[in-house]
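When a ligand or atom number is given, it counts from 1 through the structure's own listing order. The structure presented is a predicted model; accordingly, all values stated were derived computationally and were not measured.
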Amino acid sequence: MHSASKPAAQSDQSRRVGDDYRVSAGDRAAYHAQGYIRLPNVLSEDELVAIETVYDRFATGEITGMGRDLCDMSGTYTDDFKNFALINAMLPRRYLPSLQGNIYERLSQSIARQLYGDDMGYDYDQFLSKKPGKARAAFAMHQDMGYWPVGTPDTRTATCSLAITDSVRANGCIAFVPGSHKAAKLMPHRAKGAADRSESHTLEIDLPANTPIEHIEVPRGSITVHDEWVVHGSAGNTSDSWRKTYIIAYRSLATIAHERDIGFTHSHNDQVHWQTALDLYQP
Ligand SMILES: O=C(O)CCC(=O)C(=O)O
């Protein structure tokens, strides 16, 4: 009896099995309760080395012609690339199609489907790199819905963030307000450090000083997954190493089709002609 109960306990741990990643019932429940989870050991070291080689072509500025899709999320669109602190490469697989179908895409897609169902498809990808010793490389607190068109009927989203480097407090790991997704309601956002969105893409929520915040440290090769309403962001990088993150977000195929129809592709080069969080809340 005793020996039979052990494998049962282990089988409820999320884990990689060959080219599958199985999310345990406990982690699925925790995701929906908190608005985020951490999943260990998603990519192997060999897989990470291959992905990081391609990733670095964006972080070093080798891939050009991206317009505003290569920007500093802690600065403005007119900053020089050499001065970027938080390098944001939007839609890297659009600019380098050889990324399409990589092992992280395959595993993260299956994770999103286990969290929300089989109609979840790739919506966008993003590389976020914080340079060492850059205290200003902070990602302002926000809800992802704040960045997206208002009024999309089916908002379900699973955003997977792969730690390409260890992600820890000192290099500005992701931080969440647990349970802040529960109201499923857009909070007031404002443009950060710029008069309007033509200068900088970054939005910010003002949180009360006593808001509980959980910093989620993740070793290289593990991921966090978060939903579209949970309030999150990250502090600057005061360490002497990079923080590199590879984000892929999944939404329902119907939502993706709707948003492409109105011209929204997650590119910072999109011409915005839909209602945004700023239209709702700015005086
Ligand atoms: O990882 C971070 O520092 C923030 C990323 C983020 O805000 C997001 O993926 O929605």
Subject >> Aromatic contact, His273 with Phe264 (centres under 6.0 Å) >> reply: no

**OP:** Indicate yes or no: does Arg38 engage Glu217 in a salt bridge with an N to O separation below 4.0 Å.
**Re:** no

Subject >> Tyr21 six-ring centre to Arg16 NZ/CZ under 6.0 Å and within 45° of normal >> reply: no

Original post:
Is it true that a side-chain atom of Ser180 and a backbone atom of Val231 form a donor plus acceptor pair closer than 3.5 Å?
Top reply: yes

Original post:
Is the backbone N or O of Val230 less than 3.5 Å from a side-chain atom of Asp227, with the two atoms forming a donor-acceptor pair by type?
Top reply: yes

Write none if no such pair exists; otherwise list each N/O atom of ligand 1 with its protein N/O partner under 3.5 Å and the distance.
unit_1	atom_1	unit_2	atom_2	d
ligand 1	1 (O)	Arg243	NH1	3.4
ligand 1	1 (O)	Arg243	NH2	2.8
ligand 1	3 (O)	Ser234	OG	2.6
ligand 1	3 (O)	Arg243	NH1	2.8
ligand 1	7 (O)	His142	NE2	3.1
ligand 1	7 (O)	His232	NE2	3.1
ligand 1	10 (O)	Asp144	OD1	2.9
ligand 1	10 (O)	Asp144	OD2	3.4
ligand 1	10 (O)	His226	NE2	3.3
ligand 1	10 (O)	His232	NE2	2.9

Original post:
Do Tyr36 and His232 make the cut of ring centroids closer than 6.0 angstrom?
Top reply: no

